[in-house]
Amino acid sequence: MGELKLMKGNEALAEAAIRAGADGYFGYPITPQSEVIEYLMAEKPWERTGMVVLQAESEVASINMLYGGGGTGKKVMTSSSSPGISLMQEGISYLAGAEIPCVVVNVVRGGPGLGDIQPSQSDYFQSVKGGGHGDYRLPTLAPSSVQEMSDFVPVAFDLAFKYRTPVLIVSDGLIGQMMEKVELFDPIPRWTDEEIVEMHPWATNGKPKGGERRIMTSLYLDPHVLEEHNYKLQRKYAEITKNEVRYELLDAEDADYLFVAYGSSSRIAQKSVKLAREKGIKVGLLRIISLWPFASEIINEFTEKGIKGFLSVEMSAGQMVEDIKLAVNGRTKVEHFGRLGGVIHSPEEVLEALEQKLIGG
Amino acid sequence: MGELKLMKGNEALAEAAIRAGADGYFGYPITPQSEVIEYLMAEKPWERTGMVVLQAESEVASINMLYGGGGTGKKVMTSSSSPGISLMQEGISYLAGAEIPCVVVNVVRGGPGLGDIQPSQSDYFQSVKGGGHGDYRLPTLAPSSVQEMSDFVPVAFDLAFKYRTPVLIVSDGLIGQMMEKVELFDPIPRWTDEEIVEMHPWATNGKPKGGERRIMTSLYLDPHVLEEHNYKLQRKYAEITKNEVRYELLDAEDADYLFVAYGSSSRIAQKSVKLAREKGIKVGLLRIISLWPFASEIINEFTEKGIKGFLSVEMSAGQMVEDIKLAVNGRTKVEHFGRLGGVIHSPEEVLEALEQKLIGG
Amino acid sequence: MAELSVQEIIKPENLVYQKTKLMTDKALSYCPGCGHGTAHRITMEVIEELGKENDTIGIAPVGCSVLAYEFMNVDMQEASHGRAPAVATAIKRLWPNKVVFSYQGDGDLAAIGTAETIHACNRGENIVMIFINNGIYGMTGGQMAPTTMIGMKTSTSPFGRDVALHGHPLKITELVAQLPGTRFVTRHSVHTPAAARKTKRAIKKAFEAQIAGVQGTAFIEIVSNCNSGWKMTPIDSNNWMAENMFPFYPIGDIKVDGKLIEK
Amino acid sequence: MAELSVQEIIKPENLVYQKTKLMTDKALSYCPGCGHGTAHRITMEVIEELGKENDTIGIAPVGCSVLAYEFMNVDMQEASHGRAPAVATAIKRLWPNKVVFSYQGDGDLAAIGTAETIHACNRGENIVMIFINNGIYGMTGGQMAPTTMIGMKTSTSPFGRDVALHGHPLKITELVAQLPGTRFVTRHSVHTPAAARKTKRAIKKAFEAQIAGVQGTAFIEIVSNCNSGWKMTPIDSNNWMAENMFPFYPIGDIKVDGKLIEK
Amino acid sequence: MAKVRGAIVVDVEGCKGCGVCVPACPTEVIELAAEVNGKGYHFAYMENPEACTGCTNCAVVCPDGVITVYRAKKTA
Amino acid sequence: MAKVRGAIVVDVEGCKGCGVCVPACPTEVIELAAEVNGKGYHFAYMENPEACTGCTNCAVVCPDGVITVYRAKKTA
Amino acid sequence: MTEEIIIAGFGGQGVLSMGKILAYSGIMQDQEVSWMPSYGPEMRGGTANVTVIVSDERISSPTLSFFDTAVILNQQSMDKFEETVKPGGVLLYDPNGISKHPTRTDITIYKIEGARLAAEMGNTKIFNMVVLGAYLKVKPIVKLENVIKGLKKSLPERYHKLIPLNEDAITMGMKNVVKI
Amino acid sequence: MTEEIIIAGFGGQGVLSMGKILAYSGIMQDQEVSWMPSYGPEMRGGTANVTVIVSDERISSPTLSFFDTAVILNQQSMDKFEETVKPGGVLLYDPNGISKHPTRTDITIYKIEGARLAAEMGNTKIFNMVVLGAYLKVKPIVKLENVIKGLKKSLPERYHKLIPLNEDAITMGMKNVVKI
Ligand SMILES: Cc1ncc(C[n+]2csc(CCOP(=O)(O)OP(=O)(O)O)c2C)c(N)n1
Ligand SMILES: Cc1ncc(C[n+]2csc(CCOP(=O)(O)OP(=O)(O)O)c2C)c(N)n1
Ligand code: SF4
Ligand code: SF4
Ligand code: SF4
Ligand code: SF4
Ligand code: SF4
Ligand code: SF4
Ligand SMILES: [Mg+2]
Ligand SMILES: [Mg+2]
């Protein structure tokens, strides 16, 4: 068993980056995730593992530092919160286009605009659909505990390198600021330069002797070539969709209804399940772990099995609910319950929503 | 009848801005829309109408100039293409949050990343779902002709001020670069400063004598206040959804199938309708004009009437098709046909897709 | 001779100083002793003295002074992080007869907003830029700013700013003074009555030129304390500032009437 | 004495100059006479002469030289518009023993990328920045750049750059020379053999210092032509450049070994 | 000889007890109270009121603008 | 006395006829051809080959790097 | 066993670290814990509160509307949190600075003169440990030895010499808590 | 009537403006028109082409795979566009610089020595007007008077003095077009 600690989500994430063998972190402070860079600067991983930590001049610089670093085959990461992530959208689109592995963490806060600094989930659409320009997708992991803030970092790096893609970790102010017990995984050594050169022949870290130069680019001036490139990306996304769907089921076997939730909301909903079961309502929880690829298949299965309805529990005006509806395709009821702008729902009101919108409705 | 001209879409848009009584244009060059600022700089509207034109240092600066200008009650506009629009996402979220009217034009090109400079429609998701952070929506108009590049400018300004919201015009390289006959509308005089003060009491253009100061902000530190603000925004979006859906039907009355398309794609699809009708296939075209709010109701009506299927024709990997599916909700077939990365489909292959995916399928 | 009692002095006709009505009644959100409050007040005093209450538009940044709009009793816009100069540019160009100023911290103006700062100054936008340099990101809890001095401890330079790790401190004010678009560039502080009065005169001069239509950007740096970020008492922070920051950020005019001051 | 015939001279043993193999065989996408090609080639010659072919990572910008990666036969990254200095920063910090350079145009480096440029230089990133100043946005069809000179016509300043409308031209090179992080700042051109040779020496000096691990950023401006954007023949554009641009952008070293050159 | 006498009024509830006014007073009029106000701050008050000249120094540096100054001229 | 003689080879199809090499030559060796190459450019060629000293000036400024230079020393 | 606690007071009172020590103690005896602070701009000088949950089971929501126990250390917090104690729950407060004392009758109310006792012990900084002691007397959810272990874990080495003082403070709190 | 034309050649040959004049002429006689250039980096010095549609009806797709007429002015364009002429359609080309002449037999092929004629007229810039004349002879979709009107509309006032020269060039093209 690894080391047991009581840590904030943001701190666990930072420690996990060091332990995951990250080579570099580049970021710009923003609440509620500044603890990530603060922890790293205090921990001095350049002494522990050789990891580079740099406070960039902005989020735009940070994301482009990931482009540079990831493009050389190193494990690089940044973190920010909603407005900062919006600033990164051009860079993220470039990373996707140039197929550069890296990990981007969004500790979501209330929006739009400057909004507030409270936990929110209103960047779902940005994470899994829109965001930057062009047809691309980002594998997106949503931790719902401090443990997962730690555990998902190496998973994210694995996905990033397996598929040569930027990977999102979408957390929020609640998960970032709370402390929980966390079992830290054993440190994974950083790849040596030689290992990187061997493992990632595509990476631009100095042309191999007698070999061909490598290029990181997202530019394909001929539309037919760009189309080919896009088809390649789409095939990759299909592959990811096939392999990388992650979710968790709680009290679902006998359920008449399912809450569908992720991150903080899933913690609240878990309590609501308890409250509901105490009242004799058979509800379970489908906790979405990978926001993309989305757990459409399991939703389909429950639909086929005749579930009476799904309640999407989100701290948003209704975003993930669209993906649930697309999976259900009209075969059963899908409703949404959300609180906005950084307000966290209470377990009681989630249950009430279930009763009103699905059971009563 | 207004003045008849042969113009590029980009030029028509620029001329329309002057005629719509715009007070300011702020932008940064990018292909395929640089003609907008070039036209304005050559036309010197500051001499014609007093309109300000400024080449900004970047798209980030441009969008924040819109924040400043729009926040004073003036009619302001910017234009860019995909990567530049991605850079604007933080600013757009602020504009939505602070409820600042303005018009943002995206002449879409192939992505992701630097991609190419050919026409594309792969920024649909960014326009109508994701983009920036937080729960917001942007009324989005998609012109499909040079005439509409002109006509939609005053419409966009009207929407912007009616609802105090940024409005998107989503065009693409085809519509931007092509020339067509355009009937220019008669110039609408710019509002005088006095008119602005009277019409827009919310605007920050100097505190009224004896009155209260005005504030433009998207910051609401108390989450309950931010939630209230978000509910207000959501009510506004509901209102817009009720009032501002725009679409056009072509050969749809007797149709067994409908192409659903917008912008360039709708022009191609129109030709495909002709080809199909020549072959005796009863297909019509639902041309989407407002990407958001989306024409779900008319899709619902056709579904109710028993249409056999919808084919979403997009220059993307399949984005608008999700909104069609959400509207249809499983009641009939919905398929997607797209070309990627800046390739424009031929009318012939669109028809073929209809035959294979819906008629044969 | 009979001394006057305090009660006899405190009469409306003897009033010599009270908070300008261009500051709202809302309690400032700043930490005790923070220079932002003084900087706000003298700015508003200038606007009042110039009679421009109804013709002024101010731009608040993202930083501790994000809430400047709650306190300054004129029309205000809250800009996104770093972009106040772009916001101010558009407002001034669209309303050339209005008085426009921006108010920004060092993270806002000299980190994320560097491009907007340089370009507004280089275009010579006819605005007043007020720049509060406290060598730290106050609002987000005391992280290193571009202006943080070498050796200075912050939450992201917990062992002191080290050039190899974090780069050099940035003298953005000296930089913008190099640009042909700036007309008046000066550095001040507000930690003593004399300093605050001087700063106010500089601010007034800057606004007067804008009102007179003299072309060029006025850029006023105020070196200020952040006792929370620096983890000091207000008094200590002011002393530390005078001792440690002024040698590196020397107080005084840098450019006047478009000409660099020879040193 | 019998004269040698051309055929007798053209023999492998007499070869004195040929295109470096660090330029690919792909035909350059640049307009006839464009200085980008020469700048590319001398940069690659330096890398070859230093024996760093296998240890170099270059960053291409967005601009006409976006395709530099098609022509420079070393590992290359194509950065987003203006962000090459950030990209280079990360690469150099992660691979301190590799040779890292960025190559950018004036729109890329001095407009949208201003913040990244200033901050990379201010941090003193140990990279070589090559900056092609042709006073225009070549790639997008000849729009005004920050460096466009007063009076110069471009597609967005069709009546000539007018300060009131468009602001001043920006001497970004003089600006970065002010920063403590820059070690070597110099301005050159490649329009004559002598100029190109001098530029090459400067580039070599810059790379040598990087390889030796001398701390600090090297910044090499190359004033260059854009005959397409300027709507001139190549020869005319080079002459126009010498006559009109050099007085404003004077050729020569600005900062050497971390010290500003007194003028 | 005209003697100038001054007095200040501190908005006790607005004062944050930062103490910046204390050294700013050339005649050492001000001190921080031992008691706290509603927000828990040791507010400023005139410890030596007779020394006040109404010079406004304290008010000018008070970050929270909670000092009002009065001045009266009394001809001797 | 050693006389240095040079010669250049222009990659005709790669030449863009920009003419930058022409004034760069100190001995006026180069001119642009009246004919065009496959891309339509009036390519450079040695009009006065005997004057070439192999100084490499032309090659150094050729933006497209299409000039190769040879030099031979012939002792008189 | 699941204990859901809110600790609320001024920023400087050590509210967050009291919660942290409690959470660490839970970990020392193999329980699940969560610690969720209120954060945000009001933290600056203003009030601070933290929700701590110690449980034998996986913890669901780390933020709650209702609590088993509320530890209340200033008036604002009293106004806000008295109502959130579950019927039958516990409210523990320090009367120092409290103007409106709690009035509920469906809960058990305890008082601890933490500020006074800490001052008497000559170190106002151990105020929160006195309160912790009082709490642990009322709700012995963690063993004292585990609290000490937790302290050791959470304090940097150089502060370990202060542990005995902290232990004294806890004992002091345990002794002086008064049921109302 | 709908005429779908592609005009293709080098960048400097006036391909785009020829298309523009044609389109303007269509407007002058109340028809619908569209003009869609290929654009992009290959424009720089390379080939240029424009699709022009003149029609009595609303125009659907402004880009097409097949054309009624192809006007071809260099070899690259011949290689690319010969195949795109609809069976029964027209291919008009200038043989100058053409190495592989068109070979299709299901279309009508015309030749115009535009470059030579323009040179003979002493102004190589009117090359495209000679070709336009040739085209209009073959496909008189717009009246000459409307072309002149279109020219007037599209040229800035200061160039109006050149209109007679342009008219001559058109006439020259009409006279010299040869059916193969
Ligand atoms: C895009 C973006 N990035 C980061 C932040 C977080 N943030 C808020 S204020 C601030 C810095 C404040 O420092 P400064 O400008 O020096 O102002 P101060 O608080 O010191 O007065 C930062 C990084 C943000 N709100 N938006
Ligand atoms: C975000 C973004 N904005 C704008 C553009 C369009 N763009 C491409 S290159 C360029 C400017 C090129 O000018 P410069 O950097 O001077 O290079 P040059 O072509 O002159 O060598 C611009 C504005 C872009 N690609 N991305
Ligand atoms: S954190 Fe610093 S800058 Fe912000 S209010 Fe407090 S003292 Fe002032
Ligand atoms: S457009 Fe200008 S910079 Fe670009 S290749 Fe042509 S001449 Fe060079
Ligand atoms: S300066 Fe103002 S806030 Fe500070 S102690 Fe004095 S009166 Fe109070
Ligand atoms: S007015 Fe002057 S003398 Fe009076 S208390 Fe204030 S500083 Fe002291
Ligand atoms: S090598 Fe020298 S002499 Fe020979 S052609 Fe070139 S420039 Fe002229
Ligand atoms: S410089 Fe090079 S490309 Fe230009 S004409 Fe001479 S040989 Fe040809
Ligand atoms: Mg600061
Ligand atoms: Mg340039």
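Please read all numbers here as calculations on a predicted model, not as lab measurements. Any value given below was found using the heavy atoms of this structure, including those in side chains, with hydrogens, waters and symmetry copies removed. So you know, we letter chains A, B, ... as the sequences are listed, proteins then strands, and number each from 1.
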In Å and rounded to the nearest 0.5 Å, what is the CE to OG1 distance from C:Met76 to B:Thr217? 10.0 Å
Which residues, numbered in order, of residues 66-91 of chain B come under 4.5 angstrom of chain C by heavy-atom distance? B:Tyr67, B:Gly68, B:Gly69, B:Gly71, B:Thr72, B:Lys74, B:Val76, B:Glu90
Any side-chain heavy atom of B:Ile196 sitting closer than 4.5 Å to one from C:Trp95? yes
Checking C:Ile47 against chain B: side chain, backbone, both or neither under 4.5 Å from a heavy atom? neither
I need the residue from C:Lys98, C:Gln77, C:Glu78, C:Lys52 with the largest number of non-hydrogen atom pairs under 4.5 Å to chain B. C:Gln77
All heavy atoms of B:Lys207 vs all of C:Asn54, minimum pair found to be O-ND2, 2.7 Å
In Å, rounded to the nearest 0.5 Å, how long is the span from CE of B:Met65 to CZ of C:Arg83? 11.5 Å
Are any side-chain N or O atoms of B:Arg213 and backbone N or O atoms of C:Met72, one a donor and one an acceptor, separated by less than 3.5 Å? yes
Given the options C:Ile57, C:Thr24, C:Asn97, C:Leu67, which has more heavy-atom pairs under 4.5 Å with chain B than any of the others? C:Ile57
If you tally heavy-atom pairs under 4.5 Å against chain B, which of C:Asp55, C:Ile91, C:Thr56, C:Asn73 wins? C:Asn73
Test item: C:Val87 and B:Met216 side chains (from C-beta on) under 4.5 Å apart, heavy atoms: no
Measuring from atom OG of C:Ser80 to atom CD1 of B:Ile92, what distance do you get when rounded to the nearest 0.5 angstrom? 11.5 Å
Least distance between heavy atoms, C:Ala90 atom then B:Phe26 atom: CB-CZ, 3.8 Å
Among B:Asn205, B:Asp23, B:Asp193, B:Ile100, which has the most heavy-atom pairs under 4.5 Å with chain C? B:Asn205
Taking atom CD of C:Gln215 as the centre, does the number of heavy atoms from other residues, nucleotides or ligands within less than 6.0 Å exceed 12? yes
Report, in residue-number order, which members of residues 51-62 of chain B are under 4.5 Å from chain C by heavy-atom distance. B:Val52, B:Leu54, B:Glu57, B:Ser58, B:Val60, B:Ala61
Quick one: what part of B:Ala203 sits under 4.5 Å from any heavy atom of chain C, side chain, backbone, both or neither? backbone
Answer with side chain, backbone, both or neither: which region of C:Val62 has an atom nearer than 4.5 Å to a non-hydrogen atom of chain B? side chain
